[in-house]
Amino acid sequence: MTTRTFCTLAAAIFALIALLQLIRIVIGWSITLNGVDVPFWPSWIAVIVAGALSFVGFRAAMRS
C-alpha cells in the first residue's frame with residue numbers, strides 16, 4: 001500500500017465518522033451505554049476532531 005493510498009483511505013474513514021456524528025446530532029439519535037444516555041456534546045467534539053483528521057489526511061494524500 002502506498003502512502004497516498006493509506007492517507008486517502010484513512011481520510012475517508014475519518015470523513016465517514018465525522019459525517020455519522022453530524023447526522024446523529026441533526027437527526028437526534030440517542031445512544032445509551034450501560035443504561036446511561038450519552039449527551040450530544042461529545043458528538044460535536046468527534047465531528048471537529050474527525051473532520052480535522054480527514055482534512056489533514058486528504059492534504060497529505062495530495063502532497064504525496
Side-chain angles (χ1 to χ4, degrees):
M1 179 178 287
T2 65
T3 303
R4 184 178 186 145
T5 305
F6 175 79
C7 289
T8 303
L9 180 62
I13 291 170
F14 282 123
L16 180 63
I17 291 169
L19 180 66
L20 288 173
Q21 290 294 334
L22 190 60
I23 289 172
R24 175 187 182 248
I25 293 167
V26 171
I27 293 178
W29 286 340
S30 64
I31 296 177
T32 304
L33 296 173
N34 278 344
V36 178
D37 286 334
V38 177
F40 288 108
W41 65 264
S43 289
W44 283 112
I45 294 171
V47 167
I48 293 167
V49 171
L53 289 171
S54 176
F55 176 75
V56 169
F58 281 125
R59 274 188 64 192
M62 293 301 156
R63 290 184 180 186
S64 49

Closest non-hydrogen atom pair, Ala18 against Val47: O-CG2, 3.7 Å

Any residue meeting side chain to side chain contact (heavy atoms under 4.5 Å, CB included) with Leu9, in chain and number order, not counting sequence neighbours: Met1, Ile13

Side-chain heavy atoms of Val49 within contact of Phe14, under 4.5 Å: no

Reported CD1-to-CZ distance for the pair Ile31 and Phe40, which is rounded to 0.5 angstrom: 8.0 Å

Closest non-hydrogen atom pair between Ile17 and Ala50, with its separation: CG2-CB, 4.1 Å

For the student: nearest non-hydrogen atoms of Gly57 and Cys7, plus distance: O-CB, 3.6 Å

Heavy-atom donor-acceptor pair, Thr32 side chain to Asp37 backbone, under 3.5 Å: no

Rounded distance (nearest 0.5 Å) linking atom CH2 of Trp44 with atom CZ of Arg24: 11.5 Å

Phe6 atom CZ, over 12 foreign heavy atoms within 6.0 Å: no

Heavy-atom pair of closest approach, residues Phe58 and Ala12: CZ-N, 3.9 Å

Side-chain touch Arg4/Met62, heavy atoms, less than 4.5 angstrom: yes

Partner set under side chain to side chain donor-acceptor pair (under 3.5 Å) for Ser30, not counting sequence neighbours: none

Same apolar cluster: Ile27 and Leu19, side chain cutoff 4.5 Å: yes

